[in-house]
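Everything quoted here is computed from the prediction, not taken from an experiment.
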Amino acid sequence: MSITNLLNIKYPIIQGAMAHISTHILAAAVSEAGGLGVLSSNNLEAEKLREEIRSAQQKTTNPIGVNLMLRAKNCDQLVKVVIEEGVKVITTSAGSPAVYLPWLKENNVTVIPVVSSVEQAIKMELAGVDAVIAEGTEAGGHIGEITTMALIPQVINKVDLPVIAAGGIGDGKGLVASLALGAQGIQMGTRFLASDECPIPEEVKDALVAAQDNSTIVTGRKRGVPIRSIKNGMLLKYAELEFSDAPAKELENLTVGSLKRALINGDMRNGSMMAGQIVGLINDVKPVKKIIKDIMAEAEITRNKLVF
């Protein structure tokens, strides 16, 4: 079954869930435009998630997904809300959904975990998930070590599941390349940051448009928790301290509140804005519907230009 049929969507495009960003406004816009909008449940109480789901459902009759951070202390309650509110698709991260699968399957919920290695993909298939999102290291936020181009075909060779490509994809050419590698669709996060419906300050959107191919930095590798963000003075200082074996407390003091500084205050000098290497392809801010329309149009042109 194709991913569009599995998810009941028009286009093979899933919006990546981004903490504090993937609210009902952005997710509903993506779903209404023919992709799959995905709400982030990160740091949400159960009733707040319920409110977000209902708000999204008021804006579109198309399917809406929810991302579950499986290490969340209230994950049981969040799963309960997902089922009660009739959500039929979830993506998962930070753990295995195996313990919840019987409950979710009983309620006809499609489960799609994000993986960053072949080993993880195999484990998820054995657990009984419906598809996997294979995310390369080019992605924003928490990342693995394998590039998208290397990861996708290897995952496809090892699992008998629909595979969705993620990491460093933000245009029609990326969609066609992903399909050529054997994926059935793509997940994008960073490209949707530069959309009219994305609830982040204009200063952050301006920084995304101004970014180039080398505008991101990965911090946290030495501690085993690599995170890709837009490069700035604060994060360059963090990287310097990290590799000089600075105490953990000093590193923490440097970054505490940095996400809020970017997402709420628009402070791109001292804030931390997670984004992928695809930022160099973002040249404008436009409505979600236009982003998806342009990607599909470019994909068609690109496919027709292919020479074998």
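Residue Arg269 places its CZ atom among 12 or fewer non-hydrogen atoms of other residues, nucleotides or ligands, all under 6.0 Å distant. Lys289 NZ: 12 or fewer foreign heavy atoms inside a 6.0 Å radius. Other residues, nucleotides and ligands place no more than 12 heavy atoms under 6.0 Å from the CE atom of Met149.
Listed for the Thr60 side chain is no donor-acceptor partner under 3.5 Å among the backbone atoms of Gln57. At distances below 3.5 Å, at least one donor-acceptor pair connects side-chain atoms of Arg191 with backbone N or O atoms of Ala194.
Listed by chain and residue number, Asn67, Met69 satisfy the side-chain contact (heavy atoms from CB on, under 4.5 Å) test with Ser93 (two or more places apart in sequence, or in another chain). With sequence neighbours excluded, the residues satisfying side-chain contact (heavy atoms from CB on, under 4.5 Å) with Ile278 are Thr190, Leu281. Thr216 is linked by a side chain to side chain donor-acceptor pair (under 3.5 Å) to Arg228, counting only residues two or more places apart in sequence or in another chain. Remark: Asn8 engages Pro63 in a side-chain contact (heavy atoms from CB on, under 4.5 Å) (not counting sequence neighbours). For Glu52, the side-chain contact (heavy atoms from CB on, under 4.5 Å) partners two or more places apart in sequence, or in a different chain, are Thr23, His24, Leu39, Leu44, Lys48. Listed by chain and residue number, nothing satisfies the side chain to side chain donor-acceptor pair (under 3.5 Å) test with Glu45 (two or more places apart in sequence, or in another chain). Here Lys59 pairs with nothing under the side chain to side chain donor-acceptor pair (under 3.5 Å) rule; sequence neighbours left out.
Val30 places a side-chain heavy atom less than 4.5 Å from the side chain of Ile292. No side-chain heavy atom of Val81 sits less than 4.5 Å from a side-chain heavy atom of Gln77. Between Gln277 and Asp213 the shortest side-chain heavy-atom distance does not fall below 4.5 Å. Looking at Ser2 and Gln184, their side chains come closer than 4.5 Å, going by heavy atoms from C-beta outward. Residues Lys88 and Leu7 have side chains not in contact (no heavy-atom distance under 4.5 Å, counting atoms from C-beta outward). At least one side-chain heavy atom of Asp76 sits less than 4.5 Å from a side-chain heavy atom of Tyr100. In this structure, the side chains of Arg221 and Ile143 come closer than 4.5 Å at one or more pairs of heavy atoms. Proximity of Ser96 to Lys123: side-chain heavy atoms (C-beta onward) are nowhere separated by under 4.5 Å.
Of all heavy-atom pairs spanning Ile186 and Gly174, the tightest one is CG2-O, 4.5 Å. The two residues Ser258 and Asn270 have their closest heavy-atom pair at CB-O, 3.9 Å. Listed here is the closest heavy atom pair of Thr4 and Pro12: CG2-N, 3.7 Å. When all heavy atoms of Ser31 and Gly37 are compared, the closest pair comes out as OG-N, 2.8 Å. Residues Val279 and Ala275 share a closest heavy-atom pair of CG1-CB, 3.8 Å. Nearest heavy-atom pair, Asn42 versus Ala19, reported as atom, atom and distance to 0.1 Å: ND2-CB, 3.2 Å.
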side-chain contact (heavy atoms from CB on, under 4.5 Å) between Ile9 and Asn62: does it pass, once the steps are laid out? CA-CA 8 Å; Ile9 57 179; Asn62 294 334; over 6 Å; no

Evaluate Leu126 against Ile122 for side-chain contact (heavy atoms from CB on, under 4.5 Å), listing each step before the verdict. CA-CA 6 Å; Leu126 292 173; Ile122 292 172; 4.1 Å; yes

Stepwise, does the side-chain contact (heavy atoms from CB on, under 4.5 Å) test hold for Val66 with Leu49? CA-CA 9 Å; Val66 170; Leu49 176 60; 4.2 Å; yes

List the steps and the verdict of side-chain contact (heavy atoms from CB on, under 4.5 Å) for Ile21 and Leu193. CA-CA 8 Å; Ile21 295 170; Leu193 290 174; 3.7 Å; yes

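Interatomic distance, CE of Met124 versus CD of Gln120, reported as 7.5 Å (0.5 Å rounding). Residue Met273 holds its CE atom at 8.5 Å from OG of Ser229, rounded to the nearest 0.5 Å. Here the CD-OG1 distance, from Glu298 to Thr302, works out to 5.0 Å after rounding to the nearest 0.5 Å. The OG atom of Ser116 lies 8.5 Å from the CD atom of Glu145; values are rounded to the nearest 0.5 Å. Here the straight-line distance linking atom NZ of Lys10 with atom CD of Glu32 works out to 11.0 Å at 0.5 Å rounding.
Salt-bridge annotation for Arg54 and Glu51: absent, with no side-chain N of the basic residue lying under 4.0 Å from a carboxylate O of the acidic one. Classification of Asp294 and Lys290 as a salt-bridged pair holds, one side-chain N sitting under 4.0 Å from a carboxylate O. Using a 4.0 Å cut-off between charged nitrogen and carboxylate oxygen, Arg50 and Glu84 count as a salt-bridge pair.
With hydrogens and angles left out, the side-chain atoms of Ser22 and Gln15 include a donor and acceptor closer than 3.5 Å.
Criterion: ILVMFWY side-chain heavy atoms under 4.5 Å apart, direct or through other members. Under it, Val285 and Leu26 are not part of a common hydrophobic cluster. The hydrophobic cluster containing Ile291 also contains Met18, counting ILVMFWY residues as joined when their side-chain heavy atoms lie under 4.5 angstrom apart, directly or transitively. Met188 and Met274 sit in two unconnected hydrophobic clusters of ILVMFWY residues. Membership requires side-chain heavy atoms under 4.5 Å apart, directly or through other members. Both Val38 and Leu6 are assigned to one and the same hydrophobic cluster, defined by single-linkage of ILVMFWY side chains at heavy-atom distances under 4.5 Å. Following chains of ILVMFWY side-chain contacts shorter than 4.5 Å, one can reach Met296 starting from Phe192, so the two form part of one hydrophobic cluster.
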Can you list, pair by pair, the side-chain donor-acceptor contacts under 3.5 Å of residues 230-238, counting residues two or more places apart and other chains?
residue, atom, partner, partner atom, Å
Lys231, NZ, Asn214, O, 2.9
Asn232, OD1, Met234, N, 3.3
Asn232, OD1, Leu235, N, 2.9
Asn232, ND2, Met268, O, 3.1
Asn232, ND2, Gly271, O, 2.7
Tyr238, OH, Arg223, NE, 3.2
Tyr238, OH, Arg223, NH2, 2.7

Pairs under 3.5 angstrom only: tabulate donor-acceptor contacts from the side chains of residues 196-206 to other protein residues two or more places apart or in another chain.
residue, atom, partner, partner atom, Å
Glu197, OE1, Val288, N, 2.9
Lys205, NZ, Ser195, O, 2.8
Lys205, NZ, Cys198, O, 2.9

Donor-acceptor contacts under 3.5 Å from residues 135-142 side chains, at least two apart:
residue, atom, partner, partner atom, Å
Thr137, OG1, Gly144, O, 2.8
Glu138, OE1, Thr148, N, 3.0
Glu138, OE1, Thr148, OG1, 2.9
Glu138, OE2, Thr148, N, 3.3

Table please: side-chain donor-acceptor pairs of residues 107-115 below 3.5 Å, with sequence neighbours left out.
residue, atom, partner, partner atom, Å
Asn107, ND2, Trp103, O, 2.9

Between side-chain atoms of residues 151-170 and protein atoms elsewhere (two or more places apart, or another chain), which donor-acceptor pairs fall under 3.5 Å?
residue, atom, partner, partner atom, Å
Gln154, NE2, Ala150, O, 2.9
Asn157, ND2, Pro153, O, 3.3

